[in-house]
4 protein chains.
Amino acid sequence: MGESRQKRLIALLSGPDRRGIVAELSGWIYRHGGNIIHADQHRDREEGIFFQRIEWDGGSEDLHAEAGAFQAHASTLGMRVRVALPDHDPVFAILVSRYPHCFHDLVQRWRTNEFQCRLACVISNHETVRPDCEHYGLPFHYVPVSAENRDEAESRQIEILRAVKPDFVVMARYMQVLSENFLGRLGVPVINIHHSFLPAFVGGKPYHQAHSRGVKLIGATAHYATAVLDDGPIIHQDVVRVSHRHGVRDLIRKGRDLEKIVLSQAVAWQLEHRILVYGRKTVVFD
Amino acid sequence: MGESRQKRLIALLSGPDRRGIVAELSGWIYRHGGNIIHADQHRDREEGIFFQRIEWDGGSEDLHAEAGAFQAHASTLGMRVRVALPDHDPVFAILVSRYPHCFHDLVQRWRTNEFQCRLACVISNHETVRPDCEHYGLPFHYVPVSAENRDEAESRQIEILRAVKPDFVVMARYMQVLSENFLGRLGVPVINIHHSFLPAFVGGKPYHQAHSRGVKLIGATAHYATAVLDDGPIIHQDVVRVSHRHGVRDLIRKGRDLEKIVLSQAVAWQLEHRILVYGRKTVVFD
Amino acid sequence: MGESRQKRLIALLSGPDRRGIVAELSGWIYRHGGNIIHADQHRDREEGIFFQRIEWDGGSEDLHAEAGAFQAHASTLGMRVRVALPDHDPVFAILVSRYPHCFHDLVQRWRTNEFQCRLACVISNHETVRPDCEHYGLPFHYVPVSAENRDEAESRQIEILRAVKPDFVVMARYMQVLSENFLGRLGVPVINIHHSFLPAFVGGKPYHQAHSRGVKLIGATAHYATAVLDDGPIIHQDVVRVSHRHGVRDLIRKGRDLEKIVLSQAVAWQLEHRILVYGRKTVVFD
Amino acid sequence: MGESRQKRLIALLSGPDRRGIVAELSGWIYRHGGNIIHADQHRDREEGIFFQRIEWDGGSEDLHAEAGAFQAHASTLGMRVRVALPDHDPVFAILVSRYPHCFHDLVQRWRTNEFQCRLACVISNHETVRPDCEHYGLPFHYVPVSAENRDEAESRQIEILRAVKPDFVVMARYMQVLSENFLGRLGVPVINIHHSFLPAFVGGKPYHQAHSRGVKLIGATAHYATAVLDDGPIIHQDVVRVSHRHGVRDLIRKGRDLEKIVLSQAVAWQLEHRILVYGRKTVVFD
């Protein structure tokens, strides 16, 4: 790390696969005096799509100009590209309801500088975490949501979020479904976490269903939110073992620990610009 | 182990929970000169069912009589009970189709005495594993199955299986669904293995579906076969991590390794009389 | 749970194995009107030791008297026994140095009632977590430790701890070795957490050593503290996968997450009276 | 896969890191009409070493010439490089003693074409696996080893191995230490598997030691053999959970399963040219 981090650029690219693309992009960086530190790439051969993440130490004084020029060059090759600059720490906001375990886990990582970012604000439909937010110096916004006021509440949330210009938003056990309209107006990725089981269960009280079916594993999945519930591109998944000795309460407790681990890993990858989405899938350059 | 194994009895019990049942059963064994080596128990408090596995060194010369008397006594308490005797190694048979990985895994464990049992015979709707069976000295039966001859084929299988009196049957990647009629006539448990995913996929080519959905974990589930496909009581489950780097072939290969591990563990527990089934669930005293 | 929890007794027993012991203990509870809810037992056959954990709903109005009578009876069988009563929530204290991740993890579990206990106080040789303790309403004691004042500091710690009468103490990344004298005077178990590697590394900077050796797994071990560093009976262990892509910083970060999970699991088992120690080993009835 | 596999070249490179190296190598392939399919790279920033694995579809008719030219070019950049050609399936040989579980696991993978390779021969200091080798059509060589004849035995082994020109050798639970002289004369990598524990145990009967110490995890490590026992560069590691319920026999059984999985994964990576060794470490491009 150290000094060089001041000059570090990170590009995430995707686009039509073609011969020579790696040589083309690395050649551009070399000719402009840059030094590639990491590069990872992937090809979806069936779809003919090329993906790449490149970290390099910029070759010029004006990194904004260098990023822009790289972006312009990659675009001529048909690539979609985002470049992250070292003078901008990613900004995110948290949506949370009444179960605060994921909220606390994320906040502690932010407070202890495990996450290099700015945690801009917390929005909740409950007052539960207000005292903790105040202790941590985190702006807290209480936005109650009901069947009647949903549109209004979403507008209020959009207003709050736009004011802090987040790079992404995290649903840390936010128990409301976000509308397609909300996601469209927000315009930045939203990361969500949900439990998942083998086999899957539809309907309410999934831990009760899992228990009555005698599953031996319970899982959690972090994914990007879409208007269709739990159907967004998967970022990360993990499971934990359970047995007949575990009651519904144990399943819920073990599920909570898993949700923390899986969600915080997904957020870490998002902060480090490691995730590319295409169709219903992700490429995670971990 | 050693000498005492000659006198070892193992009981699996289940029935209505009632106060004093542990004292009653352990008292019976004590009064009859037995010595409890292991005992494990479980209560389903919602259903009011009691489950127990007891291993003890018999207190008498005639272990068959002792087992019978214990069984009779437990029955008066309303318990269903099976008692395994040390002079009977469990017997099982294998059903296999064209993918032999689970077959080979089970057979090597049997050959190297990891499984204390008698592997009575192998039935297949393909000739693939015949030469290996012959090398290992395993009776091999080729029973081709088609849409037209299914009933006939099942009758032939029942005939072969009845002749060897198996304690249970293992579907080691046997790609045919067994009819309710078959399972009823067979009258002993059938253990099956199938892949499982988060989320679950219906329809054919599940690994292709999992790949196109970008799952980060693939799983395998061992369960008791029922007439409803993949719906039987779950015995064991495990998962393995995958990423965008893994193509469909990799998923299938990793799935195979997982199937071997999960199925052989389920068979080991069956051989050691560790599994009790109730409703759609199992209690596994591991 | 619910009503019956008011009457729940939990006994942990160990002692010389003998025929009939299970019948004897369960018979005693039955005759005294109790109802066994869970019972788990283990035999170390080589050492001839019997271990048991029994949870039962007491049969009398005076649970203290019932616990005492059970204890007296078990003693006549040569067993060491502790009985936990429903009107006493376990009490513990935390020792912490400068790395607060385990401290925060434990405190959040306590705050959200995942741990049923009283967290009596926090002692640290740094001021780092004082503001958080004040926010959470946790008594905080700053006891600086140096080579010169170690005896004095330990006496001060003993004084603080004795005042709160803890059932056990947790070293949540407390970076000082506790003397044999301290452990003896304290007289209650102390749970510690440390990293562990395959192969093991001696000397300082173990994560640097692990990195330079190219290990593919890093681990954490929770154990009871003894005067010999990291040599106490193991309660729990887990590992996480690493690769050449991970630098020393990544190893440390992954190690921290692992330490939280492993330590909090060990504390949960301690709170639920699930751990028996004998010699250098534990029996964990999970 | 399919047609293009006929033209697939795989290079493994390592050498001093320098600016522009990625551009240089990918540019060379592009100019020679090749098409990069996968590329993975790593930098050890402290040591200043660059590592890369490149798979590409060759741009010429004469792939041998193209591989040679690439190798010559990379050498001018100070890189050490090996290039694998599509018309050469890797060749390996197995050394095995009396425990055949790893032998059987590897052989089944080879028989079912999971491993694309030629299994040239099997050498053993016991006759145990001879009948299986004969059944599988595998050349079997019995080379007894004792304290007296060790040099002679190693010479005989070298003679047998040289005749089949292996790309590498696998010690599938071969219980003899290979001398530095043997490894030097052999001149190709030797992959070994051993158990590993947290904490580590020195001396004989490690499973007995692990059991008496009450470990909660047992592990296995695949590494390259060096003259110093179990000290070679680590390729892969994994662990499995155990408890007080498991006796020494269970630990050994679970250890066997783990050894199979860990060794076969290491062999798969070797076959796919995914491993680079430097100093006491490996880079595994998985």
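All heavy atoms count here, side chains included; hydrogens, waters and symmetry mates do not. Here is the naming used below: chain letters follow the sequence lines, and residue numbers restart at 1 for every chain.
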Value rounded to 0.5 Å, distance of NZ in C:K281 from NE2 in D:H211: 4.0 Å

Roughly how far, to the nearest 0.5 Å, is CZ of C:R280 from OG of D:S212? 7.0 Å

Measure across D:Q237 and C:R241 and return the closest heavy-atom pair with its distance rounded to 0.1 Å. O-NH1, 3.1 Å

Taking all non-hydrogen atoms of both residues into account, name the closest pair between C:V239 and D:L217 and its distance. CG1-CD1, 3.7 Å

Student check: side-chain heavy atoms of D:R245 and C:D40 closer than 4.5 Å: yes

Are more than 12 heavy atoms, taken from residues, nucleotides or ligands other than C:Y99, located less than 6.0 Å from that residue's OH atom? no

Cationic N near anionic O, under 4.0 Å, C:K216 to D:D286: no

Does any backbone or side-chain atom of D:S243 lie under 4.5 Å from a heavy atom of chain C? Answer side chain, backbone, both or neither. neither

For this output row, return yes or no: ring centroids of D:F285 and C:H244 closer than 6.0 angstrom. yes

